[in-house]
Structure formats: structure tokens, C-alpha cells
Amino acid sequence: MSIGLHNSEFKNPVVRWIDQRMPVFTMMQKEYGTFPTPKNFNYFWNFGALAMVTLMIMIATGIFLSMHYAAHTGLAFDSVERIMRDVNFGWLIRYVHMNGASMFFIVVYIHIFRGMYYGSYKAPRELLWMLGVVIFLLMMATAFMGYVLPWGQMSFWGATVITNLFSAFPVVGNFIVELLWGGFSVDNPTLNRFFSLHYLLPFVIFGVVFLHVAALHITGSNNPLGIEPKGPQDTLPFHPYYTAKDSVGLVVYFIVFAVLVFFAPNYLGHPDNYIPANPLVTPPHIVPEWYFLPYYAILRAVPDKLGGVLLMFGSILVWFVLPWLDRSPVRSMRFRPLARIFFLLWTVCFLVLLWVGAKPAEGTYVLIARIATAYYFAYFLVILPLLAKFERPLPLPESISRPVLGGGPLPAGAAAKPMEKA
Amino acid sequence: MLRTSFKALALALGLFAAAPAHAAGGDIAIPDRKFSFDGVFGTYDRASAQRGFQVYKEVCSACHSLRLVSYRNLRELGLTEAQVAAIASQFQIVDGPNDEGQMFERPGRPADRFRKPFANDAAARAANNGALPPDLSVMTKARAGGADYLFALLTGYVDPPPGVTLMDGMHYNKYFPGHQIAMGAPINPDQVEYADGTKATVEQMAHDVSTFLQWAAEPELEQRRALGVKIIIFLTILAGLTYAVKRKIWADVEH
């Protein structure tokens with residue numbers, strides 16, 4: 001071995017030459033080839049890869065859209081329609097990008113659900129989880145600014161409502177709002193800076209995704225049983241086992257994506273966004289895109305503006321401290337009979353908030369939104385901390401291989417140590 | 001005088017704004033109309049769309065622009081290059097400035113966008129009692145119910161029910177949100193004479209122009225669906241193959 005050169009195991013002379021000087025091939029082989037991965041993943045473990053692919057699709061289509069888009073209040077709407085009509089396959093690029101945002105959120109919501117259900121946020125994966133929350137927040141900002149770009153009625157009024165939320169903060173509120181607007185109302189400077197940031201943030205997301213994956217490859221993946229692999233018999237090399245399994249999920253995902261793009265491209269959108277923005281005409285019901293509806297419902301459930309804004313931001317910020325709110329040493333909800341019920345109820349509440357967010361804020365809807373909001377926070381702040389103390393988890397299997405191999409009844413020792421940490 | 005027109009303007013603005021949101025709220029049920037482009041494999045009925053273009057040209061275009069559509073796009077409806085050139089040349093398009101710095105009018109060319117009936121929104125309002133006739137380019141995408149809603153609106157003019165007093169200059173429509181619309185019943189029986197001998201009933205004309213406007217809003221619809229079918233067939237086969245590969249790779253793993 002020459003001093004200073006990496007000891008490469010690749011035989012191909014060109015690959016070897018590069019790998020000795022810059023061991024990217026060794027790294028890829030280690031992280032995506034032989035990387036030991038628990039053998040018991042179910043299809044919920046596809047969604048990280050699906051999110052990664054969706055991010056790449058969004059960046060690729062977005063770059064092509066930006067070649068034809070004009071970020072000016074007088075031109076934006078027409079430039080988007082020009083993409084739809086005159087750019088070769090422009091309709092395809094735009095509908096993939098537009099529906100890709102929805103697909104991205106569907107995938108990431110399932111990915112987060114997976115993380116919560118199987119306790120993937122618990123030690124030693126707290127930082128991995130927190131980086132995921134950062135990605136989600138960046139995604140929300142990116143999606144919100146992207147929706148403003150076509151400059152339709154919902155773009156304009158959505159931007160007006162959401163940016164105005166920041167004015168609720170005392171002292172700095174108005175300063176933040178004017179900074180977002182670049183003036184004293186949502187106008188051309190707003191559109192320009194949103195376009196600039198909408199182009200920038202996906203690359204920031206890409207960077208944080210890299211950190212997310214880097215952190216994952218230190219701790220290794222969680223798995224449906226929530227117990228750590230005990231040895232090589234519990235794991236498989238990532239390739240070809242999980243490249244193959246992820247491919248199955250990916251193709252099925254593409255089918256769902258294609259149905260939306262080719263047969264119902266505007267199903268998830270709002271008709272009002274095909275009306276050019278008009279600052280003089282307010283739509284009677286301003287609703288954000290579907291993926292923001294749960295937080296919109298929380299915002300409107302609170303009668304006080306600042307309180308609503310704080311609760312809305314708090315509803316996601318609370319995820320950051322989830323690893324410390326849920327002190328139960330058992331990760332997977334499979335072995336937590338009570339937490340499982342409370343968590344599924346929380347999921348129902350999330351979906352109820354999503355539904356009620358699209359309804360007018362009046363009458364019974366307000367009451368429903370308030371009950372769901374109360375439970376949303378109670379689950380994190382009251383139920384999980386208490387469950388860690390009072391819940392009796394089911395006995396954990398001794399190892400990943402054991403239940404899979406069906407090795408008969410568990411030895412008494414397994415039941416005696418249900419609180420085993422790893 | 002000023003106050004009246006301001007009131008009419010405010011009213012028109014209010015009503016135009018109210019339209020989509022109410023439709024979205026779904027408080028008025030829009031009947032389902034059978035169109036050739038319904039369903040997954042639907043395509044545009046070219047004859048109907050061409051008749052619809054005639055209705056647009058002879059009736060709607062007096063007030064409503066179609067600014068995102070060009071004459072050349074009519075080729076997609078089955079018109080020949082010569083027919084499109086002849087249609088375009090019927091319109092005087094403002095062009096320029098010329099070498100003397102003057103704007104001038106010239107006969108339209110296929111590459112021109114459809115000529116707008118008014119120079120600007122203010123002129124359109126002045127000619128329409130303060131109301132702004134909306135551009136129709138993406139109308140079926142901009143209203144909940146799409147073409148069904150357009151057809152319902154065009155055929156939904158009835159006498160106001162007893163007890164309903166219409167505001168000045170407004171008309172009663174069963175399907176318009178709020179029921180008071182600034183546009184009077186736009187189509188009347190035999191208003192156009194169809195070259196193919198189709199009887200020009202209100203229903204027929206409303207159906208044809210709804211088909212035409214659906215095409216104007218989504219000219220890519222047929223290509224999109226045709227490509228979608230191919231892609232989904234391809235992906236379904238690929239899914240089967242991928243699953244088979246996965247099964248084979250995992251065959252030696254007990255899990």
C-alpha cells in the first residue's frame with residue numbers, strides 16, 4: 001500500500017485509480033452495498049427512498065420549469081399557461097411538479113407516521129429524527145412559496161394570509177412581514193424573492209437529507225420490532241435485498257403518481273388558482289393546499305391570533321422534543337398495547353384536522369377542530385410522558401431472527417426483561 | 001351617476017369573486033352533463049368543438065376574450081391550414097410600431113392570439129354596465145364542475161322565483177352562485193346557423209361551446225390521457241417484473 005493512498009479493493013484499473021485517491025466507490029459500497037440492514041423491514045421502510053426520489057424529481061422538473069417561467073406579477077400566470085400550451089411536454093413537466101408536491105407530502109407523512117409508530121425517534125436516533133423535522137419544515141416553506149409562483153387567486157391570497165401570520169409576533173412581527181413582502185403588501189418584490197427562495201431551498205433540503213442519511217448510517221435503521229440487530233444473522237446487505245424491495249415500492253408509487261398526473265392533474269388543486277391574482281377581489285374562502293390543512297385547522301381553532309400562530313408552529317416544533325417526551329424504552333408500538341391505541345387515535349385526529357381545515361371556521365367545525373387540537377397536543381405533552389410510567393409493555397422478542405424463524409415459545413428470560421433498552 | 005356605476009362595479013366584483021368559492025362550497029348542485037371528453041378515455045368531439053368555436057366567435061367573443069389561445073391552435077380541432085388562415089384574416093390585429101413609429105392594423109395571422117373584444121379591463125367594464133366579462137381561456141379549470149358548470153350556467157336562465165327581487169341590471173340564473181348574474185341570457189334559439197345542419201337549440205349551442213371551451217382550457221387532454229394509458233401499462237408490467245426479481249433475490253432469506 002502506497003502511503004497516503006486509500007487501500008482500494010476494486011479491480012477495475014480506472015475505478016481503482018480514482019478510489020485510491022478519492023474513495024467514493026468504497027464509500028458507496030459500504031453505505032449502499034454491504035450496509036447491514038435489519039432483515040425484517042416491512043413496506044413502510046420504502047418511504048425514505050420514495051421521498052429521496054421525489055425530491056430529485058421535484059428538482060429536475062423545477063429546473064426545466066424555471067427555464068420558461070417569468071417571476072413577474074404581470075407575466076407569471078401567462079408564462080405558466082404558456083408552459084402548459086406551447087412548451088414541448090410542458091404540461092407534463094408542470095403537472096409532475098405540481099402533483100409531485102402533493103406526492104412528496106403523502107410520502108413524507110407516511111414516513112413520519114412510520115417513525116412515530118415504530119419509535120424510530122428514540123435513542124440513539126434522536127438527532128436523525130430532528131434532522132427529519134428540519135427537512136419537513138424546509139419542505140413546508142418550499143411548497144408554500146412554490147404555490148405562490150403561478151400567481152393565481154389562491155397564490156396571492158394564500159401568501160397574504162400566511163405572511164400576515166407573522167405580524168402576530170410582538171415587536172418584530174411587522175418587521176418580519178415587511179421583510180417577507182419586500183414592501184407593504186404582497187406584490188412583485190414578494191413574488192421575486194419567493195421564486196429565488198423556492199429555487200434555493202430544495203438544495204438546502206438536499207443538504208439536510210445528506211445529513212439525515214449520514215446520521216442514519218451511524219445508528220443503523222430501526223425496524224418493525226424496534227430491537228437492535230444482535231448480529232449478522234439479523235441483517236442483510238442493503239444491496240441487492242433492499243434495492244430490490246425499494247424498487248417494488250418505487251414502481252407501485254410511480255403508478256399512483258401517474259394516475260394523478262395523467263388522469264386527475266387538478267384534483268388536489270383549487271379551481272380559484274386558475275383565476276389570475278387580483279388584489280381587489282378576496283375569495284370568500286381562502287384555503288391552503290391540502291397538506292397544510294391540519295395546521296390551518298389548529299390556527300383557526302384558537303380564538304386569539306398570536307395564540308393560534310404559536311400553537312400552529314408548536315404543533316410541528318413539538319416533534320423536535322418527541323424523543324424526550326416519550327421516555328418508554330420500548331420503541332415499537334407492537335409491544336405497547338396502550339400507546340398503540342392512543343397513537344392511532346392521534347393519527348385519526350390529524351386526519352380530522354386535515355378534513356376540518358378545508359371547512360369554514362364556524363359552528364360545529366370549530367368545536368371539532370378544538371377537540372382534535374386538544375388531543376393532538378395532549379398526546380405529546382400528557383399521554384406519552386404518563387404512558388412511559390404506567391404502561392406495561394408486552395415482552396420483547398429476543399432477537400430479530402427469533403420470531404422470524406419461529407423458534408417456539410419465548411424463553412422465560414425474554415418476558416422478564418421487557419424494558420430492555422436496545 | 002358615479003355612485004351608481006361604483007355600486008354596479010362593486011356588485012359585479014363581489015359576484016365574480018363569489019362564484020368559485022360558492023361552487024367549491026357545493027351549495028348548488030351542478031347536474032352532470034354527458035360530454036365526449038368525460039371519463040378516462042374520453043376525447044374531444046371535433047364536430048361539436050368546431051360548432052362551439054362558431055358559437056364563441058359569433059356570440060361570446062363580443063364580450064369575452066380568449067387571450068391564451070392562438071388561431072393556429074384551431075388546427076387541433078381538425079381545421080385545415082387554409083381554413084385557419086382564412087379565419088385569422090377576418091380579424092384586424094393591432095401591430096407595430098412601424099418604421100414611422102405608428103401602431104397599425106393588419107389582418108390576423110394563424111400565429112396571432114385570439115383578438116380581444118376590448119382594449120383593456122376598464123373599456124370592458126365601461127361597455128358592460130360596470131361588470132368585467134372574464135377571460136374564458138381556462139374557464140373550465142377555474143370553476144368547480146368545469147364544463148358541466150358552464151353548460152348548467154348557459155342553460156340555467158329562468159324567471160326569478162316569487163319573492164326574489166333582482167338588483168338593477170342583474171339576471172336570475174339557477175346555477176350561478178348567489179343566482180344574480182350580470183350577464184344576460186347569452187344564447188337564444190337559432191342565434192347561429194350551423195353549417196352542418198345541426199339544429200341550433202340553446203341546449204345544443206351550450207353543449208358545443210362548453211366542449212370548445214373545455215378544449216381551450218385543456219388542449220393537452222387527449223395527448224395526456226393517451227400517454228398516461230401507455231405509461232401505466234408499462235409501469236404495471238414493470239411492477240410485476242420488479243416484484244418477481246425481489247421474490248427471487250429474497251428466496252434464500254428466511255423472513
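Residue numbers begin at 1 in each chain, while the letters A, B, ... track the order of the sequences.
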Would you name the heavy atoms of [X] and [Y] that are closest together and state the gap between them?
{"X": "B:Trp250", "Y": "A:Tyr241", "result": "NE1-O, 2.9 Å"}
{"X": "A:Pro265", "Y": "B:Arg224", "result": "CD-NH1, 3.4 Å"}
{"X": "A:Ala244", "Y": "B:Thr242", "result": "O-CG2, 4.4 Å"}
{"X": "A:Phe263", "Y": "B:Val40", "result": "CE2-CG1, 3.4 Å"}
{"X": "B:Leu235", "Y": "A:Ala258", "result": "CD1-CB, 4.2 Å"}

Quiz item: Should A:Arg94 and B:Glu220 count as an ion pair when the cut-off is N to O under 4.0 Å?
Solution: no

Given that the side chain runs from C-beta out, which part of [X] has a heavy atom under 4.5 Å from chain B: side chain, backbone, both or neither?
{"X": "A:Ile286", "result": "neither"}
{"X": "A:Phe77", "result": "side chain"}
{"X": "A:Asp86", "result": "side chain"}

Quiz prompt | When A:Val252, A:Asn266, A:Val251, A:Val287 are compared by non-hydrogen pairs under 4.5 Å with chain B, the top option | solution = A:Val251

Exercise. Give the member of B:Thr236, B:Ile232, B:Leu68 that has the highest number of heavy-atom pairs under 4.5 Å with chain A.
Key: B:Leu68

Quiz item: Could you give all pairs that pass the side-chain hydrogen bond (donor to acceptor under 3.5 Å, both in side chains) test and reach residues 33-44 of chain B, with sequence neighbours left out?
Solution: B:Arg33-B:His207

Which answer fits [X], side chain, backbone, both or neither, if we ask what part of it has an atom under 4.5 Å from a heavy atom of chain A?
{"X": "B:Arg67", "value": "side chain"}
{"X": "B:Thr140", "value": "neither"}
{"X": "B:Asp252", "value": "side chain"}

Self-check item: Pairing residues for B:Leu227 by the side-chain contact (heavy atoms from CB on, under 4.5 Å) criterion, not counting sequence neighbours
Solution: A:Phe89, A:Trp91, A:Leu92, A:Phe262, B:Ile231

Quiz item: Which residues in residues 356-364 of chain A have a heavy atom less than 4.5 Å from any heavy atom of chain B?
Solution: none

Self-check item: Rounded distance (nearest 0.5 Å) linking atom CG of A:Asp78 with atom CZ of B:Arg113
Solution: 7.0 Å

Quiz prompt | Rounded distance [0.5 Å steps], CG in B:Leu238 versus OG in A:Ser247 | solution = 8.5 Å

Take atom [atom1] in [X]; do more than 12 heavy atoms of anything else shown fall under 6.0 Å from it?
{"X": "B:Lys116", "atom1": "NZ", "answer": "no"}
{"X": "A:Asn88", "atom1": "CG", "answer": "no"}
{"X": "A:Phe44", "atom1": "CZ", "answer": "no"}
{"X": "A:Phe64", "atom1": "CZ", "answer": "no"}

Exercise. Could you give me the CA-CA distance, side-chain angles and deciding distance for A:Glu81 and B:Val69, then say whether side-chain contact (heavy atoms from CB on, under 4.5 Å) is met?
Key: CA-CA 10 Å; A:Glu81 275 301 318; B:Val69 184; over 6 Å; no

Quiz item: For B:Ala216, does its backbone N or O pair with a side-chain atom of A:Arg85 as donor and acceptor, under 3.5 Å?
Solution: yes

Exercise. Quick one: list whatever passes salt bridge (Lys or Arg N to Asp or Glu O under 4.0 Å) with A:Glu289, sequence neighbours left out.
Key: none

